[in-house]
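Notes to accompany the following structure.
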Amino acid sequence: MSTSYDQKALEKKWQKKWQEMKIHHFDFNSDKKPYSIDVPPRYASGPLHAGHAVHYTHIDFAARYKRMKGYNVFFPLCFDVNGIPIEERVERQLNITRKDIDRHKFTKLCSEFAEENIKTMTEQFTMLGESMDPTIYYQTNAEYYRRITQISFIELYNKGYIYKGKFPVNWCPRCMTAMADAEVTYTDRTTKLNTIKFYFKDEQPEQLLKYHSIGKDNKGTYVEIATTRPEMLPSCQIVAVHPSDERAPWLADQTLIVPLFKKEVKIVEDDAVDPDFGSGVVMICTIGDKEDLNWVFKYKLPLDMSIDEEGRMTEICGKYQGMKIKDARSSVIEDLQKKDILIKQDALEQNIGVCWRCKTPVEYINTEQWFLKTIPFKKMVQNASDSMSWYPKFMKIRLEEWVNSLQWDWVISRQRYFATPIPLWECEKCQHVVLAREEDCYVDPTVDNPPVEKCPKCGGKLIGCKDVFDTWMDSSISPLYNTFWHRDDEKFKKLYPMSLRPQAHDIIRTWAFYTILRCNLLTDEKPFENIMMGGFILSEDGTPMHASLGNVIDPLKIINEYGADAFRCYAASCALGVDNAFRKKDVIRGNRLLRKIWNVEKFISNIIKSDSKPEKTELIDIDKWILTKYSKLVKKCTEQMDVFDYSQAMKEVEYFLWHKLADHYIEMAKSSIYNNENVESINYTLYTLGLGILKLFAPFFPHITEELYQEHFKQFEKDKSIHIAAWPREILVDEEAENAGEITKNYIAQVRSIKSEHGMALNAPLKSYATYSTLDKISKMKGSSSIIKSTLNLPKNHKFVEGKPEIQEKITGIAPVYSKIGPLFKNESKKINQWIKEHQNELIKKIEDNGDIKWSDISPANSEKPEEMLVENGFIQIKKETKVKGKKDRSILKFDDFYLEISGDVIK
RNA sequence: GGGCUUAUGGUCUAGCUGGUUAUGACGUCGCCUUCACAUGGCGGAGGUCGCCGGUUCAAAUCCGGCUAAGCCCA
């Protein structure tokens, strides 16, 4: 082994070797218990950023840990390749729209674009040391995957859960296409805010006129309403006013007449109204903007549309029917003016949604869409979610809130190209639906023939469905695809439900919800047992990473500078479920930790100069101590790994390695070894700890742990890789030895820091004579006395004496112990504590005279409390000051309960 | 507007089934080349635990309200 730690070279080496060794492959023939991970298929629209890298690294921790726990881990490499973002990237890259070229040419371009990204990301996963299994690879746009999407749709259709209905969507009247929210961009423009008169249907009392924006003319009493879209008057459905508005009690439930169209609309009270906008009274139309869509859901308004697909006024618009939006608006305004209904026009700055391509303002129009029933299955989803374990727990509430607030079934169709085709044909004449046969899937109805030639109902021509699925239709069956649903019943039985769904919390309402919904509908069972929610990774200043902000962190840059294992240290430091800013210093911390691991392991292997595996033997006290500490570490770390608490688990191991093993145990052990004492016990202990620590670190730092394992331990161990070696177990819990070791460790640490304070090396000789302490401490240290002497380089004849040296001790103060006195005296405690403080001197004297005090010495506590020794039983704490009555040329140092007698010229 | 989360020294973080002296790391300051590691060791300074109120003998911890930030939704 090279003595220096060449991180880059060894990471590359092991990434290559692991692929050859195939240690990450799922074994279909194994009888080990499977642990299956429903990996989020990475979306193929671009390379990984640091946030993705952290998420997948977390999942890799779980996979590697479970492998070491003896599971047959199912951890597929997979990518999500359908949908709008990829279409958009391609359109922007080539500066075309998908309608400019042939549909199938376009999807081919999308595929090619995605394949490039998949190549890059696969490379990135490897460089991060992720142990995904390429033998169970999938991507969601492949025919083998889309086939399962289509079959699942057909089954849902046959169960009666699919129907066709109307739904308003973003629409560009110029491009004549539906648009995803992501395709809508926003722009500022100046428009006119028109204030117009809405007359009351019923006669109104005169008092009403005292309020603002309410008037009366020869046609009656009216309310002023401001709108930027007067052409939408025909689809006005309600009028709203804020409940705290002084006019609200008068206006609520009144009926108004929509000007020009004579339509009657009710006035409602609603908090969402901005009382300062316009006249404080607003009209709600179907559908002017996204805000109106909320009103539609809330008040279940009819979806009467005043604008059609071409941006022309519809049949409900009377004489304006057929006009373009702009013309209709000026025409309506003109008519309003003529009839003296328009009061004023004000300029208004507004921010409107426009088509990203042609900048035409986006409209909402009604479209025919396919729906999957979701509202009837709320309870089913809740029950399934209740039966799963959520990490962190509170994330479940988010799903519950979402499910409870659902008002609408799921719109599963999209007017898009690059996605799974909806496998059905419709009769031109009677709209009868002909589904694809399951055995024919995958099908593309835009090119493939239907299973029957003509409509079986009326003999009409069958037209292939041009719509495709929402991409969540693909990704929400990942547990079904992974477990071979409808591909291999035996495997399905073995693997379903999956063990773990890892994902980010922003897609609870989509990926998690749709998966639970759909898998339950198809299998009557939950899709996974556990669900783990990663947090968000923010850029270093705490803002979210966005390409547009230019603050995206490239994980490869970090890896090139510090190495993958160091990056993984940062990943491990991110707590589950909460947002974490990227912290370079945690990468640097990782770098230092790795070097420490390297040095410790190298040192251990140098000490154990043995040709055979050190066997268990009679153990000395400090070995029992460190092995007990280690066993407790294993227990705690295992518990934390089991609940995916990686940041804590790594911290525990790190602390043990650095501040127990390296700082204390090794310091003790090496002096003993140099003196050729206790060699067998220490060798065994060092071997056990060296290997154990490597294993505990292995899920986090796969490369360095593998290298060190191969170099130092492989020759004595049977496993060909540390990553398939068994996770460590507790080996020894000896509370007494632990306690004794702790005393020894603290004693050494204290003397060591005294040496350091006086500029002495730890192993510099100290001219000392004896250590004094209580019987308890001295007896516990005796077993380690030779270790202590060799570690601190004390003279051979240094004594450990029970008792005190010749010194004077003076009690300088006493203090009540609140946690003891509080529960005993409750309300009285304050008085007692106060009294004790005020009568310190008196009490100190009593303690000095009698050795202790009793409750009867404390006058407010005169009650019937049992007579007990207060100092001895911990009710009172005493502070002492030591005055050294030194022997000639000797001084006494005091720390904790120890007195160290040393030569006077050692420390001045 | 709703739901969830978070708020602890300059920065990050532990503690949060209540116990009075709040953990660790980074940074900072001082000391030490010490034979695995100066990418190390020892020590110091630095916090009224977001704000207000309540429960309690006792609150970083429990309860209520507020403020700010993040995510999701409307």
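Each chain gets a letter, A, B and so on, in the order its sequence line appears, and its residues count up from 1. Hydrogens, waters and symmetry mates are skipped; everything else that's a heavy atom, side chains included, is used.
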### Message
Using whole Å, what does the distance between atom P of nucleotide B:C12 and atom NZ of A:Lys584 come to?
### Response
18 Å

### Message
Once you apply a heavy-atom cut-off of 4.0 Å, does A:Gln648 come out as touching a base, just sugar-phosphate, or nothing?
### Response
sugar-phosphate

### Value in whole Å for how far the P atom of B:A36 lies from CH2 of A:Trp658
17 Å

### Message
Does A:Tyr818 reach a base, just sugar-phosphate, or nothing at all? Heavy atoms under 4.0 Å.
### Response
base

### Message
Of the options B:C37, B:C42, B:C73, whose atoms approach the side-chain atoms of A:Arg509 most closely?
### Response
B:C73

### Message
So for A:Lys596 and B:C37, does any side-chain atom that can act as donor or acceptor lie under 3.5 Å from a complementary atom in the base?
### Response
yes

## Note on the structure
The dot-bracket string of RNA chain B, counting Watson-Crick and G-U wobble pairs with both distances under 3.5 Å, using [ ] for crossing pairs and | for pairs to another strand, is (((((((..(((......[....))).(((((.......))))).....(((((..]....)))))))))))).

### Message
Looking only at side-chain N and O atoms, does A:Gln750 offer a donor or acceptor that is under 3.5 Å from a partner on A:Arg752?
### Response
no

Between N or O atoms, less than 3.5 Å apart, protein on one side and nucleotides 24-29 of chain B on the other: list the pairs.
| from | atom 1 | to | atom 2 | distance (Å) |
| --- | --- | --- | --- | --- |
| B:C26 | OP1 | A:Arg592 | NH2 | 2.2 |

### Query
Within the structure, does a side-chain N or O atom of A:Asn827 lie under 4.0 Å from either OP1 or OP2 of B:C57?
yes

#### Entry: Geometric cation-pi criterion, A:Arg501 with A:Trp511: 6.0 Å, 45°
yes

### Query
Closest to the A:Asp663 side chain: B:G41, B:C73, B:C72?
B:G41

#### Entry: Separation of the P atoms in B:G54 and B:A60, to the nearest angstrom
15 Å

### A:Lys755 NZ - B:C42 P separation (whole Å)
14 Å

### Task
Could you tell me whether A:Ala504 contacts a base, only the sugar-phosphate backbone, or nothing, with contacts defined as non-hydrogen atoms closer than 4.0 Å?
nothing

Close N/O contacts between protein and nucleotides 66-70 of chain B (under 3.5 Å):
| from | atom 1 | to | atom 2 | distance (Å) |
| --- | --- | --- | --- | --- |
| B:G70 | O2' | A:Asp579 | OD2 | 2.3 |

